[in-house]
Amino acid sequence: MPPTCEASSYQPIEDHGVIGNLRTAALAAKDGSIDWFCFPRFDSPSVFASILDAKRGGYFRICPTTAEVSRKQLYWPDTNVLITRFLSADGVGEIIDYMPIAGFDGLIRTVKVVRGAMQFRMECHPAFNYARDSHTTEIVAGGVKFHSRHLHLGLGSQLPLGRMRKGVAAEFTLQEGESTSFSLQGLKSARDEQEIGLKNQECGQLFHQTIDYWRNWISKCTYRGRWREMVNRSALVLKLLTYEPTGAIIAAPTCSLPESLGGQRNWDYRYAWIRDAAFTVYSLLRIGFRDEAMQFVAFLDARCHEMDPHGSLQVVYGIDGRHELREEILDLDGYRGSRPVRIGNAAVDQLQLDINGELLDSLYLFNKHGAPISYDLWVYLRRIANWVCDNWEKKDHAIWEVRGVPRNFVYSKVMCWVAVDRALRLASKRSFPADWRRWMRTRDKIYETVMKRGWNAKRQAFVQAYDGSALDASCLRMPLVFFTGPNDPRMLQTIDAINKAPREGGLVSDGLVFRYDLDKTRDGVSGTEGTFNLCSFWLVEALTRASHADPTRLQDARLLFEQMLGYANHLGLYAEQLGHRGEALGNFPQALTHLALISAAYNLDQYLDGAQSPPEGTND
C-alpha cells in the first residue's frame with residue numbers, strides 16, 4: 001500500500017514558501033503540504049494549521065507516493081507563484097501554487113509531470129476556526145464542499161475524490177506532459193448552488209494573469225544595485241503582506257511560531273503596527289513603490305482620525321483598522337510543542353512611546369518624497385507632538401513590547417525626540433502653525449536627558465534604559481534617525497560595544513545580533529530566544545554610515561550583509577529570528593526583516609559606489 005500524505009510531523013519553518021492574493025496568504029512546505037492558511041483574510045481563523053498542530057491543525061497535501069524522491073522549491077522568476085518540484089528515478093513532477101489577485105477568490109494547486117511518470121496522493125483535511133469548529137463534507141459534481149458554522153469552502157477537482165475521515169483524498173498517476181488542478185474557494189453559504197472547480201483553460205488563464213500581475217508590479221522597482229535579486233524578493237514579500245482593501249501591511253502572516261522551541265514567546269503578528277510605518281514608507285519610497293507608500297500612509301491617516309482626544313495612538317491595529325485585538329490561548333499543541341498558542345495581541349494595550357517618532361518620521365518622509373500632507377492631517381500630527389511633550393518622561397514597554405514592568409527605555413526617549421523634531425521640520429517646510437517654543441524646548445530637554453542618563457561612561461556605550469548598564473540593539477537606530485551623527489564618538493563606541501561576542505559583554509554572535517541580553521533584561525517572559533534578523537541589518541547600516549571615520553567598517557558592513565543573505569531560506573525568505581543551530585524562529589516571513597534588508601542594501605550600495613556624502617536618511 002503506498003504511503004499516505006497525512007501530516008505526522010512538523011515541517012521546519014524555513015522549509016516553507018508563501019503565496020497570497022493581497023487579502024490572505026498560505027504557507028506551502030517543500031513536502032507539498034499547505035500547513036497554514038487563514039481565509040478569507042490574514043487575520044481570519046485558520047483552515048489549515050498543521051504547522052501549529054500536526055495532528056489536529058488541518059492540512060492540504062499533495063505528494064508523490066514513492067518513498068525515494070528529492071524535493072526542490074523555487075519561485076517563478078519575479079513573482080509570488082511557487083513551484084515545488086519532485087525528482088525521482090521514474091520521473092519529475094511539480095506543484096504550482098498560487099493565489100490569483102483577481103478573478104478567483106482562493107488558491108490553486110496545479111500538479112504536472114514534466115518527465116517520465118509519477119503517482120501522487122492528494123489529501124485535504126480542513127480544521128475550521130483553529131480546529132475548534134466541526135464541519136460536514138459533501139462530495140458534489142466537480143469536487144467537494146466543506147461546511148462549518150461560520151465558513152464554507154469548495155474544493156474543485158478534475159479527479160474523483162473519496163472520503164477520508166472529515167476530509168477527502170485521491171490517488172492519481174500523471175504521464176509526461178499531463179496535468180491536473182485543485183482549486184480551493186470560498187462559498188457564500190451551505191446552500192450555495194455555486195459550481196466549483198476550474199477547467200484547464202481557466203486555470204491556465206488565471207496562472208498567466210497572476211504571473212503578469214507580479215512581473216508588472218516588480219518592474220516598477222528602481223533598485224539596480226548589487227543585490228537586486230534579494231531586494232526584489234523582499235519587495236515581493238512586502239507586497240504579499242499588504243491588505244489591499246486598506247493599505248495595511250501586516251508584521252507576518254502567521255501566529256505563535258515560537259522564538260524558542262518549547263518556549264512561551266509565541267505571538268500573533270497578523271496585524272499592522274504603527275512602528276512599522278517609518279521602515280515601510282522609507283523602504284518602499286527608496287525603491288520606487290510610491291503607490292504602496294501612499295496606500296500605507298492612507299491607513300495611518302485613518303488611524304490618526306480615530307485617535308484618543310488627547311493625542312495618543314494604539315501600538316497596533318487590525319488590518320481593517322479595528323482597535324480590539326483580544327489575546328486568547330488556543331488548545332493546540334504548538335509548533336514542535338511550543339505552547340501557549342496565542343491569537344490576538346495584548347500589546348494593543350501597552351504604552352510604547354517610540355511609535356510616535358516612527359509615525360511622524362514616516363509622514364515627514366512621505367511629505368518630502370511622496371506627496372504633501374494635508375492640513376487636516378497636520379491637525380492630528382500637531383496633537384501627537386503636544387501629547388509627546390506631555391508624556392515623554394513616562395516609563396513604557398518600548399519597541400520590544402516587554403511583558404515586564406515599564407521602564408525608561410532609551411530608544412523610546414530617542415524616538416520621542418524624533419517625533420518632536422519631525423513635527424518641527426514639517427511645520428517649517430510647510431509653514432504649518434506650531435507651538436515652536438514648547439516643541440523646541442522639549443526636544444532639547446529630551447536630547448540632553450538621553451545624553452546624560454542613557455550613556456554609561458563605564459561601558460562607553462548608550463544602554464537600554466536610564467542609568468543602566470545593559471546593552472540594547474535598538475540603540476543602533478540612533479544614527480539612522482539622526483539623533484546622533486554616524487561618526488559621533490559616543491555612537492562609534494556604542495557600535496563597538498554591541499559588536500562583540502556575548503562572552504565579551506556584547507550582543508553579536510558571528511555577525512548575528514541579539515536584541516538584548518536576556519539575563520540582564522526583565523522582559524516578563526521566561527525562556528530564551530534567537531538572534532534578531534532585523535537587528536543584524538541595523539548593524540550593517542550603522543557600520544555603513546560610520547565608515548567615514550574608518551573605511552574598514554564599510555568592508556565589515558558588506559561582509560556582514562552578505563553573510564546575512566546566506567541565512568535566508570532557500571527562497572530568500574526570513575523569519576523573525578535565527579536559532580542557535582541556524583534554524584528559523586518566530587513568525588514567518590517577517591516584514592520588518594525584509595524592510596531592513598532593503599534599507600541596508602540601498603545605503604550600502606551608495607557607500608560602495610563612492611558617494612561623496614552619506615546616503616539620505618529617514619529625515620533627509
Side-chain angles (χ1 to χ4, degrees), residues 22-23 41-43 241-251 270-282 284-285 290-326 344-345 347-392 396 415-416 418-427 429-435 438-439 591 618:
L22 310 184
R23 294 176 297 281
R41 309 191 325 177
F42 292 112
D43 56 355
L241 301 184
T242 301
Y243 183 62
E244 190 174 51
T246 64
I249 296 180
I250 59 172
R270 298 171 296 159
Y271 309 112
W273 269 256
I274 293 295
R275 176 176 299 108
D276 297 7
F279 308 115
T280 300
V281 174
Y282 174 76
L284 292 178
L285 284 175
R290 183 174 178 271
D291 289 346
E292 281 67 29
M294 289 183 66
Q295 291 169 359
F296 194 51
V297 168
F299 178 81
L300 297 177
D301 187 351
R303 304 294 76 73
C304 287
H305 283 71
E306 301 166 354
M307 72 169 54
D308 181 275
H310 300 292
S312 61
L313 288 168
Q314 286 189 181
V315 172
V316 55
Y317 294 88
I319 55 177
D320 55 0
R322 74 183 187 281
H323 291 223
E324 293 188 10
L325 304 174
R326 185 172 65 89
N345 202 304
V348 71
D349 297 320
Q350 288 187 346
L351 174 64
Q352 298 177 20
L353 293 169
D354 64 291
I355 68 168
N356 301 287
E358 280 119 2
L359 175 66
L360 266 295
D361 195 24
S362 66
L363 294 175
Y364 175 85
L365 261 177
F366 186 74
N367 181 80
K368 182 176 179 66
H369 299 291
I373 66 169
S374 67
Y375 170 74
D376 290 340
L377 177 56
W378 171 249
V379 170
Y380 292 100
L381 300 184
R382 180 172 59 181
R383 189 186 298 175
I384 291 174
N386 288 328
W387 186 90
V388 171
C389 290
D390 292 335
N391 294 277
W392 72 270
D396 76 333
M415 294 310 293
C416 285
V418 170
V420 181
D421 178 75
R422 300 317 189 256
L424 286 164
R425 291 172 182 267
L426 262 173
K429 286 183 176 294
R430 297 293 306 281
S431 298
F432 283 139
D435 192 345
R438 185 187 187 210
W439 291 3
T618 57

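Gly247 approaches Phe296 most closely through the heavy-atom pair O-CD1, 3.2 Å. The shortest non-hydrogen separation linking Tyr271 to Gly318 is CD2-CA, 4.2 Å. When every heavy atom of Pro309 is checked against every heavy atom of Arg383, the shortest pair comes out as O-CD, 3.5 Å. Across Tyr243 and Ile319, no two heavy atoms sit closer than the pair CD2-O, 3.5 Å. Taking each heavy atom of Ala591 and Leu241 in turn, the nearest pair found is CB-CD1, 3.8 Å. Of all heavy-atom pairs between Leu285 and His369, the closest is CD1-CB, 3.9 Å.
Judged purely by atom type and a 3.5 angstrom limit, Trp378 uses its side chain to pair as donor or acceptor with the backbone of Pro433. Checked by atom type and distance alone, the side chain of Gln350 never pairs as donor or acceptor with a backbone atom of Val315 at under 3.5 Å. Put simply, the side chain of Arg290 gets close to the backbone of Gly370: a donor and an acceptor are under 3.5 Å apart. Judged purely by atom type and a 3.5 angstrom limit, Thr246 has no side-chain atom pairing as donor or acceptor with the backbone of Asp320.
Under the rule for a salt bridge (charged side-chain N to carboxylate O under 4.0 Å, His left out), the partners of Asp390 that lie at least two apart in sequence or sit in another chain are Arg438.
Ring geometry for Tyr375 against Phe432 counts as tilted: the plane angle lies between 30° and 60°, on a 0 to 90° scale.
To the nearest 0.5 Å, atoms CG (Asp301) and OH (Tyr380) are separated by 8.5 Å. Taken to the nearest 0.5 Å, the CZ atom of Phe299 stands 11.0 Å off from the OG1 atom of Thr280. Between atom CD1 of residue Ile384 and atom SG of residue Cys304 there is a gap of 4.5 Å, rounded to the nearest 0.5 Å. The distance from the CG atom of Leu300 to the CG atom of Leu313 is 9.0 Å, given to the nearest 0.5 Å. Rounding to the nearest 0.5 Å places CH2 of Trp387 at 5.5 Å from CG of Asn356. In this structure, Asn386 CG and Leu381 CG are separated by 11.0 Å, a value rounded to the nearest 0.5 Å.
At least one side-chain heavy atom of Ile249 sits less than 4.5 Å from a side-chain heavy atom of Leu284. At a threshold of 4.5 Å between non-hydrogen side-chain atoms, the residues Glu292 and Thr242 do not count as touching. In this structure, the side chains of Tyr317 and His323 come closer than 4.5 Å at one or more pairs of heavy atoms. Side-chain contact between Ile373 and Arg430 is present, with at least one heavy-atom pair separated by less than 4.5 Å. Contact annotation: the side chain of Leu363 approaches that of Val297 to within less than 4.5 Å [non-hydrogen atoms, C-beta and beyond].
For Asp43 and Arg270, the salt-bridge test fails: no basic side-chain N is under 4.0 Å from an acidic carboxylate O.
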